[in-house]
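Just below is one structure, and these are the notes that go with it.
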Amino acid sequence: MRISHLFGRTLRDAPADAELPSHRLLVRGGFIRPLGSGIFSLLPLGWRVTQKVERIIREEMNAIGGQEMLMPVVHPAEIWRETGRYDQIDASLTRFTDRADRDLVLAMTHEEVVTDLARSEISSYRQLPQIIYHLQTKWRDEPRARGGLIRVREFTMKDSYSLDRDEAGMLAAYERHRIAYDRIYRRTGLKFYMVGADTGMMGGKLSEEFMAPSPYGEDIILISPSGDYAANREVATFRRDAPPAEDALPMEDVATPATPTIQALADLLGVPTSRTAKAVFFTGDSGRFIFAVIRGDLEVNETKLRKVTGEGNLTPATTEAIRATGAEPGYASPVGLAARDDLVVVADLSIRDTPNLVAGANRTGFHLRNVNHGRDWTATIVDDIASAEDGFPSPTDGAPLRAERAIEVGNIFALGDRYTSMLGATYLDEQGESRPIQMGSYGIGSGRLVASIVEQNYDDRGIVWPAPVAPFSVYLTWIGKDTDTATFDAAAAIHDDLLAAGVDVLFDDRTERPGVKFADAELIGCPLRLSVSTRTLAEGQAELRARTATESELIPLGDVVTIIQQRIADLMAPFVVS
RNA sequence: CGGGGUGUGGCGCAGUCCGGUAGCGCACUAGUCUGGGGGACUAGUGGUCGGAGGUUCAAAUCCUCUCACCCCGACCA
């Protein structure tokens with residue numbers, strides 16, 4: 001490819017609104033262009049990278065028996081109503097109508113379609129198991145798109161779906177995807193963690209996420225030093241301290257003026273925050289009031305709280321709603337609350353396990369000492385609702401967990417019969433019994449993966465592509481006066497030779513000054529840069545430099561093709577997964 | 001959805017407060033010089049100042065409405 005023919009150009013300045021390194025560099029390098037909020041075109045350079053990534057994905061999906069197909073972007077609302085998601089999902093699901101006023105949705109994922117296909121195509125155990133996948137455009141009307149390709153509204157996703165007879169089969173398919181994903185990310189050169197995750201809107205039983213560490217990640221993961229534990233903070237657990245061995249003491253009032261915060265209370269009474277109980281209030285989707293109680297040194301984890309209460313969503317309660325329960329904000333206490341159908345009191349395990357806590361008295365300026373769960377009050381639900389934080393002990397070995405920001409680049413869900421039962425996707429087993437198909441769903445956003453690779457591979461001059469996904473392996477330039485056709489011709493001949501040898505080469509054939517070409521070469525970030533100049537040509541040589549190197553080397557013109565091929569093989573080697 | 005901000009040529013910006021012939025840098029075109037790290041000079045191309053309405057002799061500038069985009073938050077696979 002000659003750069004003079006390449007559609008798209010590099011920019012010296014990034015658009016003012018691009019903040020993330022990947023966003024700035026992909027725009028500056030001429031890989032992507034924005035069309036609207038969260039909507040991007042992939043220019044030829046960006047498309048080449050994407051195709052290389054997608055090729056790796058396809059190879060690994062095929063390797064686990066996946067069959068590629070293609071499912072529609074526009075779905076009749078009917079199938080989304082059947083699974084209940086038409087009404088469950090907020091405005092991020094775009095609904096519209098056609099000319100006949102039929103309700104349609106823009107696909108944000110394809111479980112419904114797969115399940116619909118499964119119920120019409122699969123009728124016997126003999127047809128199972130199956131893994132099908134596609135790479136398809138998805139539309140999710142994010143409340144706020146941001147960060148270039150990291151968080152977009154329109155994007156391409158590889159999603160695969162496993163269909164199995166039983167749970168064991170589903171788990172085997174899940175395991176195969178775990179292995180395939182591990183290989184995919186290693187082959188693209190991405191650093192990643194596999195972490196336990198929340199199942200969120202997908203529902204289902206088991207879920208893991210593949211997280212690319214990046215300071216700009218929107219998720220926080222917790223990792224144990226030994227690597228034997230890693231989880232999204234939404235679901236991360238931690239080893240609880242052994243509870244103090246104390247007998248329950250008599251509960252008593254204590255005057256605590258001007259102590260609406262846990263810290264003020266602990267300071268006044270001279271006790272650690274871990275000996276206090278604090279209350280946090282939410283209103284659930286169902287309209288119920290959620291009164292959560294947790295030890296003062298811990299924070300409530302909303303995802304966990306949602307799960308244990310069965311609420312789809314929680315919003316912080318208003319002061320009026322808090323008072324309506326009989327509690328006093330700042331001095332709220334679960335002790336003495338009147339039972340109500342629409343009141344759910346949730347205690348964290350820390351509350352159950354810690355005796356003689358200081359809790360509110362539901363009167364401004366007063367608290368209670370020596371409050372004990374089970375004696376003085378009883379929660380509706382006792383469960384783990386505490387957020388794991390940086391430094392907390394790992395549930396596996398107690399070593400301090402490390403919190404790290406990360407970008408979610410893929411996920412795997414064992415869904416079970418969540419969708420198949422609702423849509424009636426069943427098969428007849430050997431005994432002639434009708435049973436629901438067990439399903440799994442597995443996604444990788446290819447654009448987000450590309451952007452995440454950039455987030456992890458750049459320097460102050462531009463992108464440093466891992467060899468397997470670079471738009472071109474070699475950036476070839478010629479350096480000489482405009483009139484130096486001999487040098488240009490020599491470079492053009494190398495271009496032809498490399499192409500003939502099957503090397504991905506981008507030929508900067510412009511009559512730009514060297515600085516301009518080198519700057520573009522580094523911005524675009526191909527692994528190798530090969531230059532032929534008036535000087536090197538006179539000596540029968542070309543100059544080779546790796547994108548990561550600070551020094552160049554001279555190689556004989558006659559050996560260019562073999563040396564380049566060898567170097568590319570060397571650069572690819574670290575990403576070969578056996 | 002709440003808070004904040006920005007819309008002026010492909011990109012980056014000034015001009016808006018205080019109304020008076022739309023500017024600068026980069027990029028682009030032509031030419032000359034230069035020739036290994038975004039070079040210099042000369043001459044050019046390109047903009048209904050996001051849109052609509054209003055005030056005014058006159059609007060990028062003032063007023064009203066509106067659209068888009070960005071940031072923070074809420075939310076989210």
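Below, chain A is the first sequence line, B the second, and so on; all start at residue 1. For clarity, every value in this text was computed on a predicted model and none was experimentally measured.
- Ring centroids of Tyr442(A) and Tyr181(A) are separated by 6.0 Å or more, keeping the two rings apart.
- In the interface, the side chain of Glu142(A) is paired with the base of A77(B) through a donor and an acceptor atom under 3.5 Å apart.
- Between Phe488(A) and Trp478(A), the ring planes lie perpendicular to each other; the angle is over 60°, past the 30° to 60° tilted range.
- The backbone N or O of Arg418(A) lies less than 3.5 Å from no partner atom in the side chain of Ser421(A), so there is not a single donor-acceptor pair.
- A cation-pi geometry, defined here as NZ or CZ lying under 6.0 Å from the six-membered ring centre and within 45° of its normal, does not hold between Arg529(A) and Tyr475(A).
- Here the side chain of Ala519(A) is nearest to one of G38(B), A77(B), G36(B), namely G38(B).
- Atom CD1 of Ile132(A) is separated from atom CG of Leu163(A) by 5.5 Å, given to the nearest 0.5 angstrom.
- When distances are taken from the side chain of Leu523(A) to each of G38(B), C28(B), A27(B), the shortest belongs to G38(B).
- Here C41(B) sits opposite G31(B) as a Watson-Crick or G-U wobble pair (both hydrogen-bonding atom distances under 3.5 Å).
- The base of G35(B) has none of its N or O atoms less than 3.5 Å from a complementary donor or acceptor on the side chain of Asp484(A).
- For Arg529(A) against G36(B), a side-chain-to-base donor-acceptor contact under 3.5 Å is absent.
- Distance Asp520(A) CG to G36(B) C1': 15 Å, rounded to the nearest Å.
- The ring of Phe7(A) has its center no closer than 6.0 angstrom to the ring center of Trp47(A).
- If you take atom P in U61(B) and the same atom in C71(B), they sit 27 Å apart, rounded to whole Å.
- Closest to the Arg461(A) side chain, of the nucleotides U34(B), G37(B), C75(B), is G37(B).
- Ring-plane geometry between His23(A) and Phe40(A) is classed as perpendicular, the angle between the planes exceeding 60 degrees on a 0 to 90 degree scale with a lower cut at 30.
- Set against C75(B), G37(B), G36(B), the side chain of Arg545(A) has G37(B) as its closest nucleotide.
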Atom pairs under 3.5 Å, N or O on each side, protein against nucleotides 39-45 of chain B: can you list them with distances?
unit_1: G39(B); atom_1: N9; unit_2: Arg513(A); atom_2: NE; d: 3.4
unit_1: G39(B); atom_1: N7; unit_2: Arg513(A); atom_2: NE; d: 3.2

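- Using modelled atom types, one side-chain atom of Gln456(A) and one backbone atom of Pro213(A) make a donor-acceptor pair closer than 3.5 Å.
- Across U8(B) and G51(B), the matching C1' atoms stand 14 Å from one another, rounded to whole Å.
- When the P atom is used for both U32(B) and G50(B), the distance is 40 Å, rounded to whole Å.
- With hydrogens and angles ignored, the 3.5 Å screen pairs no side-chain donor or acceptor of Lys517(A) with any backbone N or O of Thr511(A).
- Nucleotides G15(B) and A74(B) place their C1' atoms 37 Å apart, quoted to the nearest Å.
- For the P atom pair drawn from G19(B) and G4(B), the interatomic distance equals 27 Å after rounding to whole Å.
- Across all strands, Ala14(A) comes closer than 4.0 Å only to sugar-phosphate atoms, never to a base (heavy-atom distances).
- Considering only side-chain atoms of Glu522(A), the nucleotide from A77(B), C75(B), G37(B) that sits closest is G37(B).
- Among the protein residues, Tyr442(A) comes within range of no part of the nucleic acid, since none of its heavy atoms lies under 4.0 Å from any strand.
- Contacts between residues 27-41 of chain A and RNA chain B, counted as heavy-atom distances below 4.0 Å, involve Arg28(A), Ser37(A).
- Between the side chain of Arg24(A) and the backbone N or O of Ala18(A), at least one donor-acceptor pair lies under 3.5 Å.
- Distances from the side chain of Arg9(A) to the nucleotides A27(B), C71(B), G36(B) place A27(B) closest.
- Across G36(B), G12(B), A77(B), the shortest atom-to-atom separation from the side chain of Asn411(A) is found for A77(B).
- Judged as a side chain to side chain donor-acceptor pair (under 3.5 Å), and not counting sequence neighbours, Tyr216(A) has no contacts.
- The separation of C70(B) from G23(B), taken at their C1' atoms, amounts to 25 Å, rounded to a whole angstrom.
- Contacts between residues 171-182 of chain A and RNA chain B, counted as heavy-atom distances below 4.0 Å, involve no residue at all.
- With hydrogens and angles ignored, no donor-acceptor pair under 3.5 angstrom links the side chain of Glu512(A) to the base of G38(B).
- Nucleic acid contact for Gly480(A): base, since at least one base atom lies under 4.0 Å from a heavy atom of the residue.
- Comparing C11(B) with G47(B), their P atoms are spaced 14 Å from each other, to the whole Å.
- Residues meeting the ring-ring contact (aromatic ring centres under 6.0 Å, His included) test with His110(A), sequence neighbours left out: His75(A), His134(A).
- When each of Arg306(A), Arg288(A), Glu311(A), Glu302(A) is paired with Phe282(A), the side-chain contact (heavy atoms from CB on, under 4.5 Å) condition holds for Glu302(A) and for no other.
- Here Ser552(A) lies out of heavy-atom contact (under 4.0 Å) with every strand.
- Each of Lys481(A) and Glu209(A) has a nearest nucleotide on RNA chain B; the 5'-most of these lies closest to Lys481(A).
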Legend entry - Verdict with supporting geometry, Glu60(A) and Arg187(A), salt bridge (Lys or Arg N to Asp or Glu O under 4.0 Å): CA-CA 10 Å; Glu60(A) 295 298 336; Arg187(A) 288 182 62 187; 2.8 Å; yes

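- Considering only the side chain of Arg153(A), C69(B) comes nearest among G12(B), G38(B), C69(B).
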Polar atom pairs between nucleotides 3-9 of chain B and protein, under 3.5 Å, N or O only, would you list them?
none

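- Rounded to the nearest Å, the gap between the C1' atom of A52(B) and that of C57(B) is 23 Å.
- The residue among Asp17(A) and Glu408(A) whose nearest nucleotide of RNA chain B is located toward the 5' end is Asp17(A).
- Going from atom OG of Ser41(A) over to atom CG of Leu43(A) covers 6.5 Å, rounded to the nearest 0.5 Å.
- With a cut-off of 3.5 Å on both pairing distances, the Watson-Crick or G-U wobble partner of A52(B) is U64(B).
- Between Lys278(A) and Glu299(A) there is a salt bridge, with a side-chain nitrogen of the basic residue lying less than 4.0 Å from a carboxylate oxygen of the acidic one.
- G19(B) makes up no base pair with any nucleotide shown, lacking Watson-Crick or G-U wobble contacts both under 3.5 Å.
- Across all strands shown, A77(B) has no partner, as no Watson-Crick or G-U wobble contact with both distances under 3.5 Å is found.
- Put simply, the side chain of Asp141(A) never gets that close to the backbone of Thr94(A): no donor and acceptor are under 3.5 Å apart.
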